[in-house]
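Single-structure report; data block below.
Each chain gets a letter, A, B and so on, in the order the sequences are listed, and its residues count up from 1.
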Amino acid sequence: MIDFEAPKPIAQQSFALTTVAENMMRPVSRYFDEQEHEIPWDYINFMHMAMRATGAGSLAPRKRKPKEGEEKKKYPPIGYQSLAFLLETLSWGDVGLYLCTPGGGVGAAAIEATGTPEQKQKFLARFATDKPTFGAMAMTESQAGSDTSAIRTTAILDEETDEWVLNGEKIFVTGGHKSLVDSDGLVVIWATIDPEAGRAGMRSFVIEAGTPGCQVTKLEHKMGIRASDTVSLVMQDCRVPFENILGSPEVVRRPRSKTGFKGAMQTFDATRPLVAATGIGVARASLDLVKEMLAQQGVSIRYGLPRQKLTNIEREVIDMEVMLRSAWLLVIKAVWMADNKLPNTREASMSKVRAGDVVNRITQKALELMGPIGYNRDHLLEKWFRDAKITDIYEGTGQINRLIVARNILGFHGRDLR
Amino acid sequence: MYSFEPSDEQKMLIDAVRRYAQSDLRSKAHEAEEECQLPASLIEKGWELGILQASFPEECGGFGEHSAVTGVLAVEEMAWGDMAGALAVMSPGLFALPIMLAGNNEQKERYLPDICQSEWQPYTAALIEPHFDFDPNELRTTATAKDGGYLLSGTKTYVPYAGNNECMIVYATLDGSTQGFILPKDTPGVVISERQKLLGINALPLYQVDLQDVFLPAGNHLNGRDGQGFASILDAMRVAMAAIAVGLSRAALEYAIDYAKDREVFGVKVAQKQAIAFMIAEMATEVEAIRLLTWEAAWMLDNGKEDASVSAYLALTGATDMAMMVTDRAVQVLGGHGYIREHPVELWMRNGRGIAMLNGLAMV
Ligand SMILES: Cc1cc2nc3c(=O)[nH]c(=O)nc-3n(C[C@H](O)[C@H](O)[C@H](O)COP(=O)(O)OP(=O)(O)OC[C@H]3O[C@@H](n4cnc5c(N)ncnc54)[C@H](O)[C@@H]3O)c2cc1C
């Protein structure tokens with residue numbers, strides 16, 4: 001039965017999240033935008049405490065094993081749906097700060113999607129301790145962005161010690177500094193065990209904070225999301241135990257198995273709609289503020305009029321609402337599919353394509369509509385304009401996600417459409 | 001709790017409508033448009049699917065309950081087959097649904113069982129007026145109380161089946177709001193013009209209707225909710241037209257996909273060119289997004305949500321742009337061949353431009 005009612009637990013958390021966004025984020029938005037590499041510890045500590053208390057924010061749906069004799073809970077899984085709402089609302093507060101939220105982030109997502117039960121146990125436990133801890137994921141290299149098969153970081157097995165030896169340089173690692181320097185976190189690193197093999201050689205490895213041979217070498221200065229750290233990592237003969245290769249040993253040892261690459265793609269199916277959700281939060285913030293500023297000027301939006309009778313401002317605002325709502329519904333559908341274990345590659349990329357488009361259009365229009373006021377740093381509109389742009393870039397650019405949607409629809413393989 | 005799965009009953013209905021849309025509506029669409037005529041047997045077959053009848057409870061002669069969601073699902077499939085055909089089959093709904101939403105008991109008893117239990121009959125409604133800033137909430141057609149009844153005056157356009165109509169609803173401004181009136185055929189003062197020629201949907205017979213001091217007894221006024229039922233009528237029109245846009249756009253998208261996978265250029269399939277593949281990806285994303293927006297609006301109407309009217313309005317706004325964008329690109333994907341009337345995409349593009357102007361020609 002088609003239903004657009006948010007599940008009760010989600011509706012219940014919404015008020016609390018908005019309160020956090022309004023009180024913990026908005027008041028310091030401007031400050032952390034301007035103090036680029038300062039770490040927002042107040043926000044981090046508060047969120048860590050709050051999330052431990054409420055259990056919110058874990059990426060994977062909570063898999064609670066029913067106790068002996070206890071009936072299995074009937075409530076359908078809503079882990080990704082809750083997370084989409086959480087991210088959207090916190091990003092409505094401030095997406096840069098949201099990206100500093102403690103927890104495993106995309107690193108944990110990769111472990112969740114591809115790790116063995118033992119690996120999940122071993123690596124994810126740290127995020128539930130009493131210290132805020134961070135996780136990151138490092139795929140991109142200077143010569144390998146969209147084309148992930150071009151990565152050159154190598155992982156060679158040292159048979160004697162049964163350790164992987166990693167060498168290479170990663171760039172643009174979100175939260176890399178917090179994961180390796182500011183907390184006892186971890187980074188999931190993509191490397192090749194066979195540089196000749198392209199995708200078939202790709203595997204992912206966990207590097208824990210404090211591992212010798214892995215260093216944060218650069219903190220980027222960015223257009224937006226400045227509260228979030230984006231770093232380069234250099235690995236020089238960085239050794240990790242054999243078990244730190246994600247996936248089951250039989251599979252990871254098979255030389256030409258594509259599971260490594262497929263694992264990355266699976267992770268994206270889960271994370272792309274979530275990234276879309278963050279962008280939508282930013283766009284909603286802009287649209288809300290525009291409507292509020294218009295209302296202060298006595299301009300109300302006359303919904304229901306034919307377009308020929310609307311003023312230009314009304315048309316723009318109405319179009320922004322259509323864009324925002326329809327993009328959000330694509331996100332909801334994609335995460336609903338993820339929760340229900342339905343294959344969602346197409347929907348995940350569609351939600352990212354749409355969000356990438358509309359959040360930029362909306363935040364850009366918001367400035368135009370507010371004229372000189374919008375362009376001024378007195379308001380956050382110009383910040384949101386900068387923050388929104390990343391939505392169409394990371395976790396697969398708009399073009400890459402178009403390729404994925406198109407291949408999926410057309411029944412093409414990568415070689416048919418590149 | 002979110003769900004994007006239609007119920008089992010809805011799925012059966014969708015399947016049945018899809019089969020009809022494919023083997024009947026779609027296969028006849030080209031000829032119907034060229035000859036400006038839909039075979040009566042085609043309409044009757046669509047009518048027998050019982051989409052409208054399933055919207056009415058038993059006491060009104062139907063066998064179900066009113067649901068905008070179900071209506072939207074069915075109409076989308078119909079319009080996937082052919083927009084003109086879909087509007088034709090659903091035309092009695094333009095009369096019956098307003099009676100249910102805004103009529104009094106007497107009117108319901110008098111009309112609904114007969115409509116539901118008979119063959120398809122040319123019942124219709126007259127809403128749209130011929131001026132550029134036409135606004136369904138500010139009609140220029142007026143109704144004035146007189147001699148225990150009403151006098152109606154004004155000009156209506158795009159009235160389906162007015163030429164041989166059984167009975168129609170005419171919307172007019174009364175006391176500052178839009179209200180409906182039942183106009184039986186052959187009422188004095190009504191002038192029905194020659195059949196209109198439009199950019200698209202030419203298979204559907206449409207007429208201009210002039211009303212000059214047309215007297216209607218008080219019993220013909222849709223006063224079931226003190227005459228204030230038009231808001232929900234308009235909501236139901238908007239989601240229906242949005243669903244038609246979705247069905248039409250999906251048709252264009254699918255046609256473009258099939259063509260692009262088949263056509264070769266420069267030694268590869270044209271779909272292998274990014275310029276085309278990206279258009280297709282964007283078309284598909286647009287259709288999926290607006291489809292969800294339409295479903296949500298219909299769901300809000302069914303569940304009496306506060307912002308349901310705004311949602312229906314936003315859905316139609318989005319659907320208007322989607323239909324133009326997607327059908328235009330479908331023609332582009334086919335190149336010169338898309339411009340030739342043997343392929344359906346140019347008709348869909350002509351029909352797609354009509355979504356905003358034709359609101360009022362469908363209801364769920
Ligand atoms: C703030 C920030 C945070 C990031 N966080 C992370 C992170 O945590 N982990 C991580 O691994 N990476 C991260 N990234 C990297 C990000 O995912 C890449 O920048 C992105 O995938 C694009 O790669 P690129 O920059 O090398 O661009 P390129 O791949 O060089 O692309 C350049 C342009 O070409 C287009 N293009 C590329 N290939 C094609 C094609 N086949 N068809 C059509 N067009 C194409 C692209 O869309 C783009 O417009 C981050 C980046 C930024 C800016």
Between [options], which residue shows the highest count of heavy-atom pairs closer than 4.5 Å to chain A?
| options | answer |
| --- | --- |
| B/A281, B/A289, B/A284 | B/A289 |
| B/A315, B/A271, B/S309, B/A312 | B/A271 |
| B/L234, B/I257, B/N359, B/I280 | B/I257 |
| B/F132, B/F134, B/F278 | B/F278 |
| B/E5, B/E296, B/K305 | B/E296 |
| B/P6, B/A260, B/G318 | B/P6 |

Once rounded to the nearest 0.5 Å, what's the spacing between atom [atom1] of [X] and atom [atom2] of [Y]?
| X | Y | atom1 | atom2 | answer |
| --- | --- | --- | --- | --- |
| B/D302 | A/F4 | CG | CZ | 11.5 Å |
| A/I409 | B/T285 | CD1 | OG1 | 6.5 Å |
| A/R302 | B/Y313 | CZ | OH | 9.5 Å |
| A/M1 | B/D8 | CE | CG | 10.5 Å |
| A/L417 | B/K269 | CG | NZ | 14.0 Å |

For [X], is it the side chain, the backbone, both, or neither that has a heavy atom closer than 4.5 Å to a heavy atom of chain B?
| X | result |
| --- | --- |
| A/D319 | side chain |
| A/L342 | neither |
| A/L403 | both |
| A/Q399 | both |

Interchain contact, [X] with chain A, by part (heavy-atom threshold 4.5 Å):
| X | answer |
| --- | --- |
| B/L316 | neither |
| B/E286 | both |
| B/K11 | neither |
| B/W299 | side chain |
| B/R291 | neither |

Where along [range] does a heavy atom come under 4.5 Å of chain B, listed by residue number?
| range | value |
| --- | --- |
| residues 344-360 of chain A | A/M350, A/V353, A/R354 |
| residues 292-299 of chain A | none |
| residues 323-333 of chain A | A/R325, A/S326, A/L329, A/L330, A/I332, A/K333 |

Kindly give the heavy-atom pair with the smallest separation between [X] and [Y], and that separation in Å.
| X | Y | answer |
| --- | --- | --- |
| A/R418 | B/Q274 | O-NE2, 2.7 Å |
| A/A406 | B/A277 | CB-O, 3.6 Å |
| B/F4 | A/I2 | C-CG1, 4.2 Å |

- Should the heavy atoms of other residues, nucleotides or ligands under 6.0 Å from CD of B/Q10 be counted, would the total exceed 12?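 Counting other residues, nucleotides and ligands, CD of B/Q10 exceeds 12 neighbours.
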- Does atom CD of B/E306 have more than 12 heavy-atom neighbours, drawn from other residues, nucleotides or ligands, at distances under 6.0 Å?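 Counting neighbours around CD of B/E306, 12 or fewer heavy atoms of other residues, nucleotides or ligands fall under 6.0 Å, so no.
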- Task: Go through the steps for B/M1 and A/I78 under the test side chain to side chain contact (heavy atoms under 4.5 Å, CB included), then give the verdict.
- Result: CA-CA 9 Å; B/M1 184 74 58; A/I78 54 163; 4.1 Å; yes
- Item | Where at least one partner belongs to residues 395-414 of chain A, residue pairs that pass ring pair (Phe, Tyr, Trp, His ring centres under 6.0 Å), sequence neighbours excluded |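 As it turns out, there is no ring pair (Phe, Tyr, Trp, His ring centres under 6.0 Å) pair with a partner in residues 395-414 of chain A once direct neighbours are skipped.
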Taking [options] one by one, which has the highest count of heavy-atom pairs under 4.5 Å against chain B?
| options | value |
| --- | --- |
| A/N340, A/V405, A/V322 | A/V322 |
| A/A11, A/P306, A/G411, A/G398 | A/P306 |
| A/E5, A/K309, A/Q308 | A/E5 |

